[in-house]
Amino acid sequence: MRQNDAKSASTEAGLQGNRHRWLVTLCFLVAGYVFTWWLLDPVSLAHNRERPFMLDWVFFCRFLRHVGGMVEYAGSFLVYSYAIPWLGTLCIFSMLLAHGSCLTFLLRRFGARQPAVAAWFVTYALLLAFRHYITVVSVLALLLALAASCVYAGTPSKRSHVRVALFIGLNSTLGYTAAGAATMLTLLAVLYECLTRRKHIMATAILVLGCTIPLVLRFMFFEPSLTPFFFRWLPMDKALRQLPTELTMFYLLYPVTIIAVVASSVRRSTPPANPPVSTRSRPGFVRSCWRPAVAVVAALVTTFILIGRYHDTDRLMQADRLMEDHQWEQAFAGLDGLPVSGDLARHVIIRCLGRTGRLLDEMFRHPQVAGPDVILLTDPEMDKLLRIARRRSDVCYELGMVNEAERWIHEAFTDQGEVPFILERMAMINLVRQRPGASATFLGALALNPWKREHARSIMLRMQADPLMSG
């Protein structure tokens, strides 16, 4: 009887512990989801990171002709989910969870006893980098690289030819679908062979194969430069030489974390040569919690530094988004108290004051410069501003300068491609110029984007009822 009572008590205690564990996990997920929503502001990301996307075979074939095109196509689809805040946050948070899970498994294969702290710290660094430096395409490339590394490190076979064949298959697939992700797989595989399996010859073979496969892919999908085959989408091969210091430090987190984990496991497994007779060990609570405490403090400090550094830029980009959506009052309120020192901030203020009827009364409350360049964005120095052709077209369209608006929207089309704003503005300009057929063509292209299909169809229905939309 006593044994049965003890078994039932232990079973009940185990079930209660499992319920508490699930409750803690659920609270963690909800808190992480809410924090991700607050930190990233998915609607602003949708404005700043939009990419062309269509569910069309001809459009899809454009991505099949170069390495990294598949992950670019998938990222171009996901970026439109940001416009629906809860869905965009869910997509980003799911990618962060997958990243943390893959990295935890990988660090465990490298010999870490408690890999969760290091894995989720790097995942939090990815969240911070996602805010200003990394696009969803780069995150997808990172996920594919980590997933392939988990497959390679988790393969039970110790035969060299099996592991080489597996690496060739994984690296070739990644090299075509995600380009630079294959380089990260090569780095992680070499570290695994050197530090964990201690197979230096195997690591050398992996390194040679990792450098040879991109050369073969370049022969099949030729591009003038070899750089895209090694670094595309990690983060972006065109910006490799001007890589921000923060982003360089982020990518170095992966090898540094792995090397630190291996060094720590080796130090723990090696007994001291002359062990002391008596030692005072730290309390169990302190010993188990000092690493998470240090990681939390480092994460909070980094978060506050980045938020403070980009606070003014974030407010300006949010005001620019609201201005493009013609929410003039909200855009002007978003710049309240912001030091006006740039051309874009002056442009937003002038347009908001003009559209709200307060230009003559409040114009000189804000710093002004002589000439129409701030309003029309005609200064050549403004060419360095992001999406300047799109902004110039928007201003000219509002002022009735249809020819200039058409010119600059075609410049924006060359720069950005088939993004919804450009397609819709092309349709409206052609409608104003009494070319309803051309307008319908651009609206048909807009309808190929599943996220904008209903909006495009509503405009087409209005055109059918009133071809020139005179009402």
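- With contacts defined as side-chain heavy-atom distances shorter than 4.5 Å, the pair Ile92/Leu96 qualifies.
- Considering only heavy atoms from C-beta on, Met428 comes within 4.5 Å of Ile459 through its side chain.
- A salt bridge links Arg232 to Glu223: one of the charged nitrogens lies within less than 4.0 Å of a carboxylate oxygen.
- Because its NZ or CZ atom is both nearer than 6.0 Å to the ring centre of Phe421 and within 45° of the ring axis, Arg390 counts as a cation-pi partner of that residue.
- Every residue two or more places apart in sequence or in another chain that forms a side-chain contact (heavy atoms from CB on, under 4.5 Å) with Phe77 is listed here: Phe53, Pro450, Trp451.
- Ring-centre distance between Phe93 and His99: not below the 6.0 Å cut-off.
- A distance of 11.5 Å separates CE of Met184 from CG of Leu144, quoted to the nearest 0.5 Å.
- Atom CG of Leu103 and atom CZ of Phe110 lie 10.0 Å apart (nearest 0.5 Å).
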* Given salt bridge (charged side-chain N to carboxylate O under 4.0 Å, His left out), test Arg351 with Asp394 step by step and report yes or no. => CA-CA 11 Å; Arg351 287 188 67 185; Asp394 195 29; 3.3 Å; yes
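- When all heavy atoms are compared, the tightest approach of Ala145 to Ala181 is CB-O, 3.5 Å.
- Between Arg387 and Glu324, none of the side-chain N atoms (NZ, or NE/NH1/NH2) sits under 4.0 Å from a carboxylate O, so this pair counts as no salt bridge.
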* **salt bridge (charged side-chain N to carboxylate O under 4.0 Å, His left out) between Glu418 and Arg62, intermediate numbers included** => CA-CA 13 Å; Glu418 302 90 339; Arg62 285 164 43 184; 2.7 Å; yes
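- Looking at Ile206 and Tyr152, their side chains come closer than 4.5 Å, going by heavy atoms from C-beta outward.
- With hydrogens and angles ignored, the 3.5 Å screen pairs no side-chain donor or acceptor of Tyr82 with any backbone N or O of Leu45.
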* Criterion side-chain contact (heavy atoms from CB on, under 4.5 Å) on Leu127 and Leu40, from CA distance to verdict -> CA-CA 8 Å; Leu127 173 62; Leu40 294 184; 3.8 Å; yes
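- Here the shortest heavy-atom pairing between Leu448 and Arg453 reads O-NH2, 4.2 Å.
- Atom OG of residue Ser76 and atom CE of residue Met54 lie 11.5 Å apart, to the nearest 0.5 angstrom.
- Note that the CD1 atom of Ile258 and the CG atom of Leu106 stand 5.0 Å from one another [nearest 0.5 Å].
- Taking both residues in full, the closest heavy atoms of Asn171 and Gly210 are given as ND2-CA, 4.4 Å, listed atom of the first, atom of the second, then distance.
- Among all heavy-atom pairs drawn from Ala456 and Leu443, the shortest one is CB-O, 3.7 Å.
- Residues forming a side chain to side chain donor-acceptor pair (under 3.5 Å) with Asn403 (at least two apart in sequence, or on another chain): Arg433.
- Under the salt bridge (Lys or Arg N to Asp or Glu O under 4.0 Å) criterion, Arg407 pairs with Glu404, not counting sequence neighbours.
- With hydrogens and angles left out, the side-chain atoms of Asp320 and His47 include a donor and acceptor closer than 3.5 Å.
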* salt bridge (charged side-chain N to carboxylate O under 4.0 Å, His left out) evaluation trace for Glu411 with Arg392 -> CA-CA 10 Å; Glu411 292 282 346; Arg392 286 168 175 166; over 6 Å; no
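- A donor-acceptor contact shorter than 3.5 Å is absent between the side chain of Thr104 and the backbone of Pro115.
- Relative to the ring axis of Phe332, Arg358 places its NZ or CZ within 45° and under 6.0 Å from the centre.
- Applying the side chain to side chain contact (heavy atoms under 4.5 Å, CB included) test between Leu170 and each of Leu174, Leu166, Ile168, Thr173 identifies Leu166 as the sole match.
- Donor-acceptor pairing under 3.5 Å is lacking for the side chains of Asp314 and Ser44.
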* Under the side-chain contact (heavy atoms from CB on, under 4.5 Å) criterion, do Glu424 and Lys452 qualify, and how do the steps go? -> CA-CA 10 Å; Glu424 183 177 351; Lys452 300 294 181 179; over 6 Å; no
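- Between Val137 and Val79, every side-chain heavy-atom pair lies at or beyond the 4.5 Å cut-off.
- Rounding to the nearest 0.5 Å gives a distance of 8.0 Å between NE2 of His410 and CZ of Phe413.
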* To do: Report the C-alpha distance between Thr186 and Ile213 in whole Å, list the side-chain angles of each, state the deciding distance to 0.1 Å, and finish with yes or no for side-chain contact (heavy atoms from CB on, under 4.5 Å).
  => CA-CA 11 Å; Thr186 302; Ile213 291 174; over 6 Å; no
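- At least one side-chain heavy atom of Tyr124 sits under 4.5 Å from a side-chain heavy atom of Leu128.
- In this structure a side-chain-to-backbone donor-acceptor pair under 3.5 Å is missing from Ser172 to Gly169.
- In this structure, Trp37 and Tyr33 have perpendicular ring planes: the angle between them is above 60°, well past the 30° mark.
- Arg355 places no side-chain N or O within donor-acceptor distance of the main-chain N or O of Trp328, the cut-off being under 3.5 Å.
- Heavy-atom minimum distance, Trp408 versus Cys396: CD1-SG, 4.4 Å.
- At least one side-chain heavy atom of Glu398 sits less than 4.5 Å from a side-chain heavy atom of His326.
- Here the closest non-hydrogen pair linking Thr135 and Arg49 is CA-NH1, 3.8 Å.
- Counting heavy atoms from C-beta outward, Leu215 and Arg218 have side chains that stay 4.5 Å or more apart.
- Under the 6.0 Å cut-off for aromatic ring centres, Tyr176 and Phe221 qualify, their centroids lying closer than that.
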* So Leu188 and Leu146, side-chain contact (heavy atoms from CB on, under 4.5 Å) or not? Walk me through it. -> CA-CA 9 Å; Leu188 295 176; Leu146 288 177; 4.0 Å; yes
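- The CZ atom of Arg51 sits 9.5 Å away from the OH atom of Tyr80 when rounded to the nearest 0.5 Å.
- Taking 4.5 Å as the limit, some side-chain heavy atom of Asn449 sits within range of a side-chain heavy atom of Pro420.
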